[in-house]
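Below, each value reflects all heavy atoms present in this structure, side chains not excepted, and no hydrogens, waters or symmetry copies. Note that the numbering runs from 1 along the sequence shown for the chain.
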Amino acid sequence: MKPLRILLLAIILASCSGMDRPDKDKAALAHALYDRADSLLRKGDMAQGHALMQEVHDIYASLPGYQRQQSLCLYQMAVEYMNLRDTTGLQDILGRMKALKDANPLNSSIAYDYYSVLSTDYTARFEEDPSNPGLRDTMLLYMKAGASEMERIPREKWKEYLIEPAWAYYNIAVSYDLYFDPTVRDSVSKYLEKAELARSYPGQDERGWMETFISTEDLRAWLKYYDGDYDGAKASMDSVLAVIEKVEEMSPNTVITERGEAYSFFVEMYSSLGQFEEALKYQQLLEENNRRRYNVERLSELHDVSERYQNEKKQAEIQRLRTLSLWRLWLIAGLSILAGALALVFILYRRNAQQKLYEMALEAENRMAEEDSARSSAKLILEKLRSDIASLPASNPSRKAALEALSRPDLPERAESVFSSAQKPLSSMDRKYLYCILAGLSVEQIAVLFNIQPESVYTVRYRLRRKFASSDLPI
């Protein structure tokens with residue numbers, strides 16, 4: 001009956017559009033439906049979540065003064081298209097967001113949403129084609145444009161508009177760290193300082209402050225480590241762990257990944273300093289944290305049960321709002337409209353079922369094609385890497401050892417397993433570095449092969465690690 005209820009709502013709104021109906025009733029219903037659509041999307045129910053979010057957008061579009069809410073709906077749909085790597089759907093949403101921005105040139109919150117999505121789109125493009133610095137520069141241009149629009153919005157409105165200023169600055173700082181070799185230290189420091197200053201603002205709750213503190217202070221610890229300020233780096237990362245403890249008291253297991261990253265930091269720092277006893281202590285903590293993390297993932301079904309309960313409560317509230325308007329349907333639509341609606345629902349239900357089966361089959365086919373392509377690409381990269389190294393002068397001190405290490409028969413299988421576990425796209429250069437690391441080549445050998453400084457190899461290892469969910473990697 002759920003499709004019928006949604007259809008009835010559409011009939012109600014269409015039938016009553018010419019009546020003197022208070023806009024606040026429609027707005028209240030739209031707010032409740034937005035919460036429901038947001039919940040569906042967070043659960044991974046893309047089809048229903050998108051359909052309902054589009055319905056909410058249309059309700060807001062019919063109300064005067066709700067352009068900001070329209071923008072939020074488009075933003076939510078854009079995020080899901082980005083997660084699915086659906087560039088066609090994303091470009092459609094970006095076109096609608098640009099049209100909304102152009103129609104409201106003085107609304108900085110709408111412009112902020114648009115530039116946020118546009119910069120994320122260019123980030124994905126650059127990670128797929130890291131040899132194109134123009135994509136990286138355009139990404140940063142729109143990130144900064146979004147930050148500029150955000151700064152025009154009164155601080156007291158940030159909470160109401162769902163804006164997290166620290167993240168806007170932090171994303172720019174991290175980009176200057178991750179996407180430049182060497183890291184643009186001045187820019188990283190500049191925007192990290194802005195993020196640190198923006199961690200607190202009127203109306204922000206304690207949980208939001210702690211989440212931004214964990215990420216910004218983590219990056220601050222790495223900068224101090226690169227500068228050789230080991231005491232300062234330790235103090236910063238200890239502060240991160242202290243805040244993680246507070247978050248876990250409020251919401252257990254939600255920052256278990258961040259805790260693992262902090263332990264990994266200490267393992268790397270103490271290992272580089274030759275303090276292997278301390279490194280071993282944090283390695284043991286890291287392994288225990290990973291075991292906790294995997295156990296938590298096995299309990300995800302229990303979390304689903306709790307989430308379903310909360311969703312049912314929201315659905316009950318939505319149904320209550322709909323019931324208040326049902327009498328208008330019987331007065332205007334009548335039994336003839338209801339009969340037509342039932343027939344239409346049946347047709348839509350069958351089409352929806354067929355569409356879902358088609359989408360599942362298409363998704364499985366695409367996944368198999370992507371896996372075949374990834375394996376083929378990985379082999380070609382390895383062959384190209386061997387060829388490049390073989391062309392180096394015989395006097396190169398790392399040439400012979402590298403060719404022998406990269407010819408090990410078990411290397412392609414090990415590398416494929418590591419590549420498949422990445423949580424973010426790996427560039428061809430990422431894969432070359434990983435091949436060398438998995439082959440057992442030292443930092444100094446890799447530096448000689450790629451004609452770079454050993455410090456740059458450490459930076460590459462740090463960036464690669466951030467592309468994996470698990471820190472338990474041989475890098």
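Using modelled atom types, one side-chain atom of Ser116 and one backbone atom of Tyr112 make a donor-acceptor pair closer than 3.5 Å. Here the side chain of Arg259 pairs no donor or acceptor atom with the backbone of Ile244 at under 3.5 angstrom. A donor-acceptor contact shorter than 3.5 Å links the side chain of Asn289 to the backbone of Ile256. Looking only at distances, a side-chain donor or acceptor of Ser421 sits under 3.5 Å from a matching main-chain atom of Val418. At distances below 3.5 Å, not a single donor-acceptor pair connects side-chain atoms of Asn104 with backbone N or O atoms of Asn107. The closest donor-acceptor contact from the side chain of Lys467 to the backbone of Gln423 lies at 3.5 Å or more, if one exists at all. Using modelled atom types, no side-chain atom of Ser417 and backbone atom of Glu413 make a donor-acceptor pair closer than 3.5 Å. For the pair Thr212 (side chain) and Gly208 (backbone), a donor-acceptor distance under 3.5 Å is present. For Arg207 (side chain) and Val247 (main-chain N/O), no donor-acceptor pair under 3.5 Å exists by modelled atom type. Between the side chain of Arg463 and the main chain of Leu178, a donor-acceptor pair closer than 3.5 Å is present.
Proximity of the aromatic rings of His57 and Tyr66 is defined here by a centroid distance below 6.0 angstrom, and this criterion is not met.
In this structure the side chain of Arg199 never reaches within 4.5 angstrom of the side chain of Glu211, judged on heavy atoms. Annotation: side chain of Asp121 is in contact with side chain of Arg125 (closest heavy-atom distance under 4.5 Å). Side-chain contact between Met53 and Arg36 is absent, with no heavy-atom pair separated by less than 4.5 Å. Using a 4.5 Å heavy-atom threshold, the side chains of Gln283 and Glu288 count as separate. Using a 4.5 Å heavy-atom threshold, the side chains of Met97 and Ile110 count as separate. The closest side-chain heavy-atom distance from Phe468 to Lys424 is not below 4.5 Å. At a threshold of 4.5 Å between non-hydrogen side-chain atoms, the residues Ser427 and Glu127 do not count as touching. Within the 4.5 Å cutoff, the side chain of Leu94 has heavy atoms near those of the Tyr114 side chain.
Ion pairing of Asp205 with Lys159 is present here, as a side-chain N (NZ or NE/NH1/NH2) and a carboxylate O approach within less than 4.0 Å. With respect to Glu206 and Lys246, no salt bridge is recorded, no charged nitrogen being found less than 4.0 Å from a carboxylate O.
In this structure Lys432 satisfies the salt bridge (Lys or Arg N to Asp or Glu O under 4.0 Å) test together with Asp388, sequence neighbours excluded. Under the salt bridge (Lys or Arg N to Asp or Glu O under 4.0 Å) criterion, Lys157 pairs with Glu160, not counting sequence neighbours. Taking the salt bridge (Lys or Arg N to Asp or Glu O under 4.0 Å) definition, one finds that Glu149 meets it with Arg152, sequence neighbours left out. Remark: Asp177 pairs with no residue by the salt bridge (Lys or Arg N to Asp or Glu O under 4.0 Å) rule, at least two apart or across chains. A search for ring pair (Phe, Tyr, Trp, His ring centres under 6.0 Å) contacts involving Tyr179 returns Phe126, not counting sequence neighbours. Under the side-chain contact (heavy atoms from CB on, under 4.5 Å) criterion, Pro105 pairs with no residue, sequence neighbours left out.
Ring-plane geometry between Trp167 and Tyr170 is classed as perpendicular, the angle between the planes exceeding 60 degrees on a 0 to 90 degree scale with a lower cut at 30. Classification of the Tyr115-Tyr142 ring pair by plane angle, with boundaries at 30° and 60°, yields parallel. Phe265 and Trp222 have perpendicular rings, their planes meeting at more than 60° on a 0 to 90° scale where under 30° would count as parallel.
In this structure, Arg465 forms no cation-pi arrangement with Tyr462, as its terminal cationic atom is not both closer than 6.0 Å to the ring centre and no more than 45° off the ring axis. Cation-pi geometry between Arg431 and Phe419 is met: the NZ or CZ atom falls under 6.0 Å from the ring centre, inside 45° of the normal.
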inquiry  = Test salt bridge (Lys or Arg N to Asp or Glu O under 4.0 Å) on Arg136 and Asp129; report intermediate values, then the result.
reply    = CA-CA 9 Å; Arg136 177 196 62 197; Asp129 184 13; over 6 Å; no

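When each of Arg96, Lys101, Lys98, Arg68 is tested with Asp113 by the rule salt bridge (Lys or Arg N to Asp or Glu O under 4.0 Å), just one qualifies, namely Arg68.
Counted within 6.0 Å of NZ on Lys144, heavy atoms from surrounding residues, nucleotides or ligands total more than 12; the atom is thus considered enclosed. In the displayed structure, Tyr75 atom OH is contacted under 6.0 Å by at most 12 heavy atoms of other residues, nucleotides or ligands.
Leu192 CG to Leu223 CG: the interatomic distance, rounded to the nearest 0.5 Å, is 6.0 Å.
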